[in-house]
Amino acid sequence: MIYLHKILPTFVLPIMLVIIVILIGLIKNKKKLIYIAIGVLYIISTPIFSNNFFKLVEGSEYRKPISAIDSADAIVVLSGMLEINEVGDSTYIEWGDPDRFFGGIALFKAGKAQKLVFTGGKMPWNKAKKTEGEVLKEYAISSGISSEKIFVTKDVENTADEAEAVRELISPRKKIILVTSAYHMYRAQRLFEKQGFEVISYRVDYKAAGNSTLTVMDFLPSAGNLELTETGIRELLGRIFYLIKLQHI
C-alpha cells in the first residue's frame, strides 16, 4: 500500500502533468499546449509563487517559543528527517530536516514532559537495520537524556501508522506535544486526535521564506522552488486522502 501512496500522487503533480501536456502537444502538433505547459512550469518554479503557495500550506501560525508551550504527558517527535546509509559495518546518517529532533530535545530539556517518543520510521525499500527512531534515540542519549525516558515505536511507514503506534506505546487520552514540520502539522494533529490524544502542536522546520523585499530573484525559476511547490501539493493531496478516510472510519 505504501508504494501506491508514494507513486500515485506522482501522476497529478505538476512536473508529470507538464510532461504529459507537452507530449500531447507534440503528438497533435499543438504548439499552444506546449507554450502553456512551459509557462505553467515557469510560474510554479519561481520563488514568488512557491513561497506564497507554501505559506498557505504551512498556515499562519509562527513557531512558538518553548516558554509558551504547556506541559504534557509526552513529547512525540515524528520521523522524516534522516537518511540512514549502511556501508559494510559502518552506518552513515544524512540529516534532512533536523529541526524536529532539536525541537523535541529542547522541549524535553525545558521540562515540558517526562517522556520523549520517537517514531520508528522505516520504508520497506530501506534496507538499513535500524529505524529512524532508534537512531534518534542514540542521538538523544548522547545529548544527555536518560535512555529510560526515551521510547521508540514499532516500525511505521506513514503518519497514520505513527499515530496508531504511539497509541500502542502510551495510553490514549493522554496529552502530548506533537513535533513535526509546519506544513505537516495540520494532517498529523488530526490523525493523532483521532487516536484519542489531546494534542499540543509544536511546529518546526518552516520552509517558506519570510517576508522580504521583492527583487528580480523572486522571478527566477529554480529546481528548489519547483520542489517546494510539489511538496506543498503532495501534502494537500495527503490531507484530502486522510480527510476522506477518517470520515469513513
Engineer: Who passes side chain to side chain donor-acceptor pair (under 3.5 Å) against Ser171, sequence neighbours left out?
Structural biologist: none
Engineer: On the six-membered ring of Phe192, is Arg190 placed so that its NZ or CZ lies under 6.0 angstrom from the centre and within 45° of the ring axis?
Structural biologist: no
Engineer: Check whether any side-chain heavy atom of Thr91 lies under 4.5 Å from a side-chain heavy atom of Ile84, and answer yes or no.
Structural biologist: yes
Engineer: Looking at Glu227, I'd like to know if its CD atom is crowded, meaning that more than 12 non-hydrogen atoms belonging to other residues, nucleotides or ligands lie closer than 6.0 Å.
Structural biologist: no
Engineer: Indicate the ring-plane relationship of Trp95 and Phe102, choosing parallel, tilted or perpendicular according to the 30° and 60° boundaries.
Structural biologist: parallel
Engineer: Where the side chain of Asn225 meets the backbone of Pro221, is there a donor-acceptor pair that is under 3.5 Å apart?
Structural biologist: no
Engineer: Got a donor-acceptor contact below 3.5 angstrom from the Tyr42 side chain to the Phe219 backbone?
Structural biologist: yes
Engineer: Rounded to the nearest 0.5 Å, how far does OG of Ser201 lie from NE2 of His184?
Structural biologist: 13.0 Å
Engineer: Could you tell me which residues satisfy side chain to side chain donor-acceptor pair (under 3.5 Å) with Asp97, sequence neighbours excluded, listed by chain and number?
Structural biologist: Lys207
Engineer: Thinking salt bridges, do Glu138 and Lys130 make one under a 4.0 Å N-O criterion?
Structural biologist: yes
Engineer: Do the side chains of Met16 and Val12 join up, straight or via other hydrophobic residues, at under 4.5 Å, putting them in one cluster?
Structural biologist: no
Engineer: Does the Glu198 side chain pair with the main chain of Ile176, one donor and one acceptor, at a distance under 3.5 Å?
Structural biologist: no
Engineer: Check the pair Ile244 / Ile240 against side-chain contact (heavy atoms from CB on, under 4.5 Å), numbers first and verdict last.
Structural biologist: CA-CA 6 Å; Ile244 296 173; Ile240 293 171; 4.0 Å; yes
Engineer: Search all heavy atoms of Phe49 against all heavy atoms of Ile44 and return the closest pair with its distance.
Structural biologist: CD2-CA, 3.6 Å
Engineer: Is it true that Ser181 and Arg203 share a donor-acceptor pair across their side chains at a distance under 3.5 Å?
Structural biologist: no
Engineer: Looking at Leu220 and Pro47, what are the two nearest heavy atoms and their distance?
Structural biologist: O-CD, 3.2 Å
Engineer: Does Leu116 reach the side chain of Lys149, with side-chain heavy atoms less than 4.5 Å apart?
Structural biologist: no
Engineer: Before you tell me yes or no, could you show the steps for Val166 and Phe197 under side-chain contact (heavy atoms from CB on, under 4.5 Å), namely the whole-Å CA-CA distance, both residues' side-chain angles and the distance that decides it to 0.1 Å?
Structural biologist: CA-CA 10 Å; Val166 172; Phe197 292 106; 3.7 Å; yes
Engineer: Is any side-chain heavy atom of Val179 closer than 4.5 Å to one of Leu78?
Structural biologist: no
Engineer: I want to know whether Phe151 and Phe118 have ring centres closer than 6.0 Å.
Structural biologist: no
Engineer: How far does CG of Asn51 sit from CD of Glu58, to the nearest 0.5 angstrom?
Structural biologist: 9.0 Å
Engineer: Residues two or more places apart in sequence or in another chain: which of them pass ring-ring contact (aromatic ring centres under 6.0 Å, His included) with Tyr206?
Structural biologist: none
Engineer: What distance separates Ile22 CD1 from Ile34 CD1, expressed to the nearest 0.5 Å?
Structural biologist: 7.0 Å
Engineer: Distance alone, cut at 3.5 Å: any donor-acceptor contact between the side chains of Thr119 and Ser79?
Structural biologist: yes
Engineer: Taking all non-hydrogen atoms of both residues into account, name the closest pair between Ala37 and Val21 and its distance.
Structural biologist: CB-CG1, 3.8 Å
Engineer: Do Val117 and Ile75 have side chains that get closer than 4.5 Å, going by heavy atoms?
Structural biologist: no
Engineer: With distance as the sole test, does Glu168 use its side chain to make a donor-acceptor pair with the main-chain N or O of Ala165 at under 3.5 Å?
Structural biologist: no
Engineer: Does a side-chain N-to-carboxylate-O contact under 4.0 Å join Arg239 and Glu235?
Structural biologist: yes
Engineer: Testing the basics here: between Val77 and Gly104, what is the closest heavy-atom pair and its distance to 0.1 Å?
Structural biologist: CG2-CA, 3.8 Å
Engineer: One pair to check against side-chain contact (heavy atoms from CB on, under 4.5 Å): Leu236 and Phe53. What are the steps and the verdict?
Structural biologist: CA-CA 11 Å; Leu236 292 179; Phe53 169 67; 3.9 Å; yes
Engineer: With rounding to the nearest 0.5 Å, note down the distance linking CD1 in Ile150 to CG in Leu136.
Structural biologist: 10.0 Å
Engineer: Linking I/L/V/M/F/W/Y whenever their side-chain heavy atoms sit closer than 4.5 Å, directly or via other members, would Ile141 and Phe108 fall into one cluster?
Structural biologist: yes
Engineer: Any non-hydrogen side-chain atom of Lys194 less than 4.5 Å from a side-chain atom of Leu191?
Structural biologist: no
Engineer: Begin from the C-alpha positions of Glu164 and Gln195 and carry the test side-chain contact (heavy atoms from CB on, under 4.5 Å) through to its verdict.
Structural biologist: CA-CA 7 Å; Glu164 294 176 0; Gln195 294 298 329; 3.4 Å; yes
Engineer: Taking a hydrophobic cluster as the set of Ile, Leu, Val, Met, Phe, Trp and Tyr residues connected by side-chain heavy atoms closer than 4.5 Å, whether directly or through intermediates, do Ile43 and Leu56 fall within one such cluster?
Structural biologist: no
Engineer: Starting from Ile27, can I reach Tyr35 by hopping between I/L/V/M/F/W/Y residues whose side chains sit under 4.5 Å apart?
Structural biologist: no
Engineer: Identify the heavy atoms of Lys112 and Ile177 that sit nearest to each other, and give their distance.
Structural biologist: CB-CD1, 3.7 Å
Engineer: Look only at the side chain of Glu230 and the backbone of Ile15, and say whether a donor-acceptor pair between them is shorter than 3.5 Å.
Structural biologist: yes
Engineer: To the nearest 0.5 Å, tell me how far Glu132 CD sits from Met123 CE.
Structural biologist: 9.5 Å
Engineer: Flag the pair Leu82 / Phe101 as yes when at least one side-chain heavy-atom distance between them is below 4.5 Å, and no otherwise.
Structural biologist: no
Engineer: Report yes or no: do Leu26 and Ile38 belong to one cluster of Ile/Leu/Val/Met/Phe/Trp/Tyr joined by side chain heavy-atom distances under 4.5 Å?
Structural biologist: yes
Engineer: Looking at side-chain heavy atoms only, is the closest gap between Asp161 and Asp155 below 4.5 Å?
Structural biologist: no
Engineer: Are any of the side-chain heavy atoms of Thr180 and Arg100 separated by less than 4.5 Å?
Structural biologist: yes
Engineer: Check whether more than 12 heavy atoms from other residues, nucleotides or ligands sit under 6.0 Å from atom CD of Glu148, and answer yes or no.
Structural biologist: no
Engineer: Measure the CE-CD1 distance between Met81 and Ile93 for me, rounded to the nearest 0.5 Å.
Structural biologist: 12.0 Å
Engineer: Within the side chain of Asp73, is there an N or O that forms a donor-acceptor pair under 3.5 Å with the backbone of Lys175?
Structural biologist: yes
Engineer: Looking only at heavy atoms, which two atoms of Leu228 and Phe54 are closest? And how far apart?
Structural biologist: O-CD1, 3.3 Å
